[in-house]
Every structure is written in structure tokens, then in C-alpha cells.
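Worksheet for the structure shown next.
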Amino acid sequence: MGTTVLLVDDHELIRQGLARAFERDVDMTVIGQAGSVEGGISFWDDLQPDVVVTDLQMPDGSGLDVVRAIRAKSDTTGVVVLTMHAGDDQIFAAMEAGASAFVGKDTRATEVVSAAKHAAVAPRTFLCAGLSRAVMRRATSPAPPRLSGRESEVLALLADGLGTGEIAGSLFMSESTAKTHITHIYQKLGAANRAQALVTAMRLGLLDHTSPQRF
């Protein structure tokens, strides 16, 4: 039978078109179709397909609900999210839910089949068909360091050229407390001095590039 596939989409024409695309591949077999989140989860429980291809937006919920339900029970099922809305938020949400691949509905049906094949052999990796390099960098790059509210205030004053004593006076804190905040900022940014901290902060978007910075 090869790789078995379950299609979940509330538009019958899309399901039928995808089914025909899968039927043209001798290694893929569509064993079920569902038109809702509830139906998709139920069919997966009953049929245990190798791969589920699910739409993102459906009448009774989100395709991410299908992804999460499957991931709660299986690490070996491939899950492909198929959607018309391929923005960063949707891509990141699919990654976080545990999807194996993300494909826009404006891509060719053969790309959906290719994504399903990828999902079958590598269900815990992530493929995004047609994903721009910029989006992929954002998706795979580590998150920038988190500064506390007070640390952000201290950073802004560092960027304005204030010294430790001036920062302490501006924020009504002791000089030792100001020094502690500055030390924490340097540690979080991996910086050895003010100039390195400000350059790194600007690169990470923690400071406004358009504001004058005095190093």
C-alpha cells in the first residue's frame, strides 16, 4: 500500500484534487477524507495513516487542533498543514504545534505530495514549501535575549551616553543597583563593554536604529 494519507479539508473540491494528485504517485495511498477538525481527529484515531494533510481554517476549529491532537499521541505520524494564509504567524504556530511541513494552497499539488513524503520519513522535522530565506532565518534563529523593563530603561540611557551615576540618578536607584543592571545587560547581550552592547542591541532590534546612539 505504500504511504497512507488522510486528507482533512472542508472544501470537497480541494480534497478531491489532492486525492487525484496522490493517486498519481504509486507510493502514496489516500485512505480517508474528512471535512472538519472533529472528523479529522476521529479518522486519524480509526485509520492510523502515515501522514495527515490538514487545512488550517475549518468550520469547527483550526487545523492546528488536528496537529496538536495527533502529536499528543504520536511522534511518528507526519502532519502537513495546508493553507491559503502563509504568513510568519501561521508558520511559527504550525512549527510550535508539531507540524512536519507547511504548504501554501497556491503551490502545485505535486509539492503537497512531496511535503507528505517528507513528513512520512521525518515527522519531527519541519519543511516549508516556498518559504523565503528571510522567513526561514526568523523561524530557525534563536530568540533575542529578554531584558526586564528596568534593564530596557538602563539600556536606553546607556544609548543616550549617560554614565552609571547619571543612570542611577535618572532612575532613582543606587549606583550599585545601576551597575548590577548594566552587568546583567552585558551578560545577556554577550558584550564586554558599552559599544558592544549597543551594537548588539541595535542588531537584535532592542534599540531603535533611527535614534542617534552615542558609543
Side-chain angles (χ1 to χ4, degrees), residues 1-140:
M1 183 179 290
T3 301
T4 56
V5 181
L6 168 66
L7 304 176
V8 185
D9 195 301
D10 61 320
H11 293 94
E12 185 175 357
L13 288 177
I14 292 176
R15 293 201 311 270
Q16 294 303 325
L18 288 173
R20 286 193 293 272
F22 278 105
E23 287 168 1
R24 288 193 289 270
D25 192 304
V26 295
D27 296 323
M28 311 292 285
T29 302
V30 175
I31 59 172
Q33 298 184 32
S36 65
V37 169
E38 183 180 2
I41 295 172
S42 177
F43 273 44
W44 178 79
D45 280 331
D46 293 340
L47 302 174
Q48 294 293 300
D50 299 314
V51 181
V52 176
V53 179
T54 180
D55 187 18
L56 192 59
Q57 293 186 320
M58 286 181 284
D60 61 336
S62 166
L64 297 182
D65 297 327
V66 177
V67 179
R68 295 187 188 100
I70 292 172
R71 277 291 166 262
K73 298 180 180 179
S74 172
D75 281 329
T76 59
T77 303
V79 188
V80 178
V81 172
L82 181 65
T83 180
M84 288 293 293
H85 307 283
D88 287 10
D89 290 345
Q90 290 79 21
I91 293 169
F92 297 153
M95 290 179 64
E96 292 175 356
S100 315
F102 186 101
V103 184
K105 284 187 175 179
D106 55 349
T107 58
R108 296 187 301 272
T110 53
E111 290 193 46
V112 181
V113 175
S114 296
K117 288 184 174 182
H118 158 84
V121 298
R124 294 301 298 182
T125 62
F126 188 78
L127 169 73
C128 193
L131 182 63
S132 70
R133 291 182 180 179
V135 173
M136 181 54 85
R137 283 196 297 270
R138 291 195 293 273
T140 58

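- Side chains of Val52 and Ile70 form a contact here, defined as non-hydrogen atoms less than 4.5 Å apart.
- The salt bridge (Lys or Arg N to Asp or Glu O under 4.0 Å) analysis of residues 65-74, with sequence neighbours excluded, yields the pairs Asp45-Lys73, Asp65-Arg68.
- Listed here is the closest heavy atom pair of Gly40 and Val8: CA-CG2, 3.8 Å.
- Applying the salt bridge (Lys or Arg N to Asp or Glu O under 4.0 Å) test to pairs two or more places apart or on separate chains, those with a residue in residues 10-39 are Asp25-Lys117.
- Counting only heavy atoms from C-beta outward, the side chains of Asp60 and Ser36 approach each other to under 4.5 Å.
- Once rounded to the nearest 0.5 Å, the distance linking CD of Gln57 with NE2 of His11 reads 10.0 Å.
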Start with the C-alpha distance between Phe43 and Ile31, add both sets of side-chain angles, then the distance that settles side-chain contact (heavy atoms from CB on, under 4.5 Å), and finish with yes or no.
CA-CA 10 Å; Phe43 273 44; Ile31 59 172; over 6 Å; no
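- In this structure a side-chain-to-backbone donor-acceptor pair under 3.5 Å is missing from Ser100 to Arg124.
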Any chance you could lay out the side-chain contact (heavy atoms from CB on, under 4.5 Å) test for Ser62 and Val37, step after step, and finish with the verdict?
CA-CA 7 Å; Ser62 166; Val37 169; 5.8 Å; no
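- Of all heavy-atom pairs spanning Ala115 and Leu127, the tightest one is CA-CD2, 3.9 Å.
- Annotation: side chain of Val53 is not in contact with side chain of Leu6 (no heavy-atom distance under 4.5 Å).
- Other residues, nucleotides and ligands contribute at most 12 non-hydrogen atoms within 6.0 Å of the CZ atom of Arg108.
- The list of salt bridge (Lys or Arg N to Asp or Glu O under 4.0 Å) pairs with a residue in residues 92-101, not counting sequence neighbours, is empty.
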Please evaluate residues Thr54 and Leu82 with respect to the criterion side-chain contact (heavy atoms from CB on, under 4.5 Å), reporting the C-alpha separation (whole Å), side-chain torsions for both, the decisive distance (0.1 Å), and the verdict.
CA-CA 6 Å; Thr54 180; Leu82 181 65; over 6 Å; no
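- The heavy-atom pair separating Ala109 from Ala21 by the smallest distance is CB-CB, 3.7 Å.
- Using a distance-only test at 3.5 Å, with no hydrogens or angles considered, no donor-acceptor pair links the side chain of Asp9 to the main chain of Asp55.
- Of all heavy-atom pairs between Val81 and Ala99, the closest is CG2-CB, 3.8 Å.
- In plain terms, the two heavy atoms of Gln33 and Val30 that are nearest each other are CG-CG1, 4.3 Å.
- Legend: residues meeting side-chain hydrogen bond (donor to acceptor under 3.5 Å, both in side chains) with Thr125, ordered by chain and number and at least two apart, are His118.
- Between the side chain of Thr4 and the backbone N or O of Asp50 there is at least one donor-acceptor pair closer than 3.5 Å.
- Inter-residue side-chain proximity for Val112 and Leu18 is flagged as met; some heavy-atom pair is nearer than 4.5 Å.
- Considering all non-hydrogen atoms of both residues, Thr3 and Ala120 come closest at CG2-CB, 3.8 Å.
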Evaluate the side-chain contact (heavy atoms from CB on, under 4.5 Å) criterion for residues Gln90 and Phe102: first the C-alpha distance (whole Å), next the side-chain angles of each, then the deciding distance (0.1 Å), finally the verdict.
CA-CA 9 Å; Gln90 290 79 21; Phe102 186 101; 3.9 Å; yes
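- Checked against salt bridge (charged side-chain N to carboxylate O under 4.0 Å, His left out), Asp46 has no partners two or more places apart in sequence or in another chain.
- With sequence neighbours left out, Thr77 forms a side-chain hydrogen bond (donor to acceptor under 3.5 Å, both in side chains) with Trp44, Ser74.
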